[in-house]
Amino acid sequence: MPNLLDNKIEFLKGVGPKRAALLNKEAGIASFGDLLNYFPFRYIDKSHIYKVSEVTNDQTWFQLVGEVSALRVHGSPRATRVTATFSDDSGSIELVWFKGLKWLKEKFLPGQRYVLFGKASAFNNKFNFVHPDVELFDPADQSVGGVLQGVYPTTENMKNMGLGSKQIARLTKTLLQQLEGYIPETLPEYLILEEKLMRRSQACQNIHWPTNNHSLKLATLRLSFEEYFFFQLRLISGKMQRERTSRSFVFQRIGALFNEFYSRYLPFELTEAQKKVIREIRHDLGSGIQMNRLLQGDVGSGKTIVALMAMLIALDNGYQAAFMAPTEILATQHYHSLKKLLGELPVSLALLTGSSKATERKLIDTTLQDGSLHLIVGTHALIEDNVVFSKLGLVIIDEQHRFGVAQRAKLREKNDTPPHMLVMTATPIPRTLAMTQYGDLDVSVIDELPPGRKPIKTIHLYQHQRLRMLSFVRKQLAEGRQVYIVYPLIKESEKLDLINLQEGYESLLRDFPEPQYQICVVHGQMKTEDKDWEMQRFVRGQAHIMVATTVIEVGVDIPNASVMVIEHADRFGLAQLHQLRGRVGRGADQSYCLLMTDFKLTADGKKRMLTMVNSTDGFEIAAVDLELRGPGDTQGTLQSGQLEFKLGNLAKDEKLIRHTRGLAQKLLTADPALMQPQHAVVKTAFMQRYATEIDWGSIG
Ligand code: ADP
Ligand code: MG
């Protein structure tokens, strides 16, 4: 039976070839099914008509009926603004437009009644409506006085072709009539009953044209349940498949290197959390199934030593290990700290970065291939094709969110047998994301900081309080501490940012004159040697202040640095702020983070500053970050879109995600290949959903 949902959108009554092309281009709607899945992003409650006098807040939506008068154009000849007065028998209120001005003049006729819909804005202690939705009032129009009307996403181009929200609503109405009886169920009957879910056909009807708030809620629940459920099915089935097919080396032995390191070179007692994670890794490495583990641990929680111990297990079993970091500075630091940690152990270690010299490079190439080089630390340089290992058994990727999926995949493909993978991140991933984005990885968490760390004190200061910041810095320097001062770097205007940093640096030179104070500078556009030189001055304590862009964001570890000043802090996202703050607080001294901003902040900016001041818990911060920015942005890992649920909201749906994950797991355990008759509908829907996608199930 041909599937009605596959019909081209062109053939829906009221569309035609031209609008079909536009729908396809602007909204990705090519078929009946696509339109069916094109949901409103909000609903207008038109059940109540308010009075102008009732417009007393800027939070709720108001529907008013009244007359429009006194249309006036303000500003230059090119007209910057149009105002009008909207009145009913209770009073009047101002309407404001900043564009579409020409069209406005023709729109409103005196003596006519209009229906207005919008949110009010507070301005000069009064309320007005900016760009409200105003239309001729037609008492017969059923959307007025009706109940909930969906508002669909549209674009300017679509509106110009008569494809505004209202027109799309009309199309969905036609569509639903045509599809009556043809919207297939996608969930097994028993789940619908057990979970008391609305049936799919009814849910589709109600998501577009809800009969009331309750049915809208049920429809939304049903459809987001379905989204999460299928998403989890895909993740879990991918993981199960990999576990069946993805064999890797068995590292059975805990040998001399591991044991000797543990007994002789371990510089401190491991935290319980570190021990737990090492146990988890040991288990994976001995299982014969390829390890695909994500290690999450807040900045400073001690992931490096865990990585080292995992690598020693690989070495003990006769394999090589690679440790990849996102920046040269970080790779170099890892190299040095691993070298120090390894002490006299017979492990050969090398560093490979973009600036490794040809001779070093050659030596690395030969020793990697003949197996005499055991452990290599490096940057992206490691994934180049000409880097060939003799027996690569374990790959560790630090700060994994800095790498793309493809880059990680390349390391994985260095062998015929895929090496074990451990990816580490200091950006805590909210649980909901961990269950979605990383649902196919095993996750270990270091949820405990090494003992003796004092929580970092965070203070938010405005620019006019600079003197306070400077005198605080002076005091800390007098106590022998070192200080970071970080400037934002925004890609669009790297030049400007540099000026920013340069000016900041020069004014700091005046505030902290040589020779008493030494200031070093590090930014992304410096040559590597210069950068290293400057870094080294700070590491050795020869420089007291480091002025930097975010190149120091990840990993750098200097225990004596106890103050982090972040200039224009509101230009940073929460994850970045948290990362930056994590550069201090690594020693025994009380550390501080000073967030400098202008007095004027966006609501979002305020919330970020407040969150930083109030919390040092990476998970909590990540959750706020997710709420503020949405999943596309929280991590650099995924192209946006991959994680955008149509209805689901990762910041709010933790329970539902967990629940659907459990159900998907149960279903697949009972019926891994979806062969049971009751799961036929699931199988069909699953294939339809994911048939065209690449298999990205194998992150890592
Ligand atoms: P991150 O998880 O941010 O990569 P690091 O591995 O760089 O953290 O560790 C941060 C600092 O804490 C390092 O100086 C490290 O030597 C130290 N450290 C790690 N584990 C412990 C521990 N169990 N006890 C004391 N210090 C530790
Ligand atoms: Mg680290």
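First listed ligand is number 1; within each ligand, the first listed atom is number 1. These numbers were taken from a predicted model, which means no experiment stands behind them.
Using modelled atom types, one finds a donor on one side chain and an acceptor on the other under 3.5 Å when comparing T597 with H460. Defined by atom type and a distance below 3.5 Å, a donor-acceptor pair is missing between the side-chain atoms of Q590 and S562.
Of the heavy atoms in R453, only side-chain atoms (C-beta onward) come closer than 4.0 Å to ligand 1. At a heavy-atom distance under 4.0 Å, only backbone atoms of E269 (N, CA, C or O) approach ligand 1.
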Please output the side-chain donor-acceptor pairs of residues 307-315 that fall under 3.5 Å, not counting sequence neighbours, one pair per line with the distance.
none

Under the criterion side chain to side chain donor-acceptor pair (under 3.5 Å), I'd like the reasoning laid out for D284 against H420: C-alpha separation, chi angles, the key distance, then a yes or no. CA-CA 9 Å; D284 285 359; H420 295 289; over 6 Å; no
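Those atoms of ligand 1 with a heavy atom of T304 less than 4.0 angstrom away are 4 (O), 5 (P), 6 (O), 7 (O). Which parts of ligand 1 touch T271 is read off a 4.0 Å heavy-atom cut-off, strictly below it: atoms 23 (N). When each atom of ligand 1 is checked for a heavy atom of S301 under 4.0 Å away, the hits are 2 (O), 8 (O). The contact set between ligand 1 and L270, taken as ligand atoms under 4.0 Å from a residue heavy atom, comprises 23 (N).
At a threshold of 4.5 Å between non-hydrogen side-chain atoms, the residues R282 and I254 count as touching.
Taking only non-hydrogen atoms, the option from A307, G300, A426, G582 nearest to atom 3 (O) of ligand 1 is G300. Relative to atom 20 (N) of ligand 1, the option among Q274, K275, Q296 with the closest non-hydrogen atom is Q274.
For the ring pair (Phe, Tyr, Trp, His ring centres under 6.0 Å) condition, the pairs that include at least one residue of residues 289-319, sequence neighbours left out, are F249-Y319, F251-Y319.
At a threshold of 4.0 Å, the pair R608-D570 does not count as salt-bridged, since none of the basic side-chain nitrogens sits closer than that to a carboxylate oxygen.
At under 3.5 Å, not a single nitrogen or oxygen of P450, backbone or side chain, sits near a nitrogen or oxygen of ligand 1.
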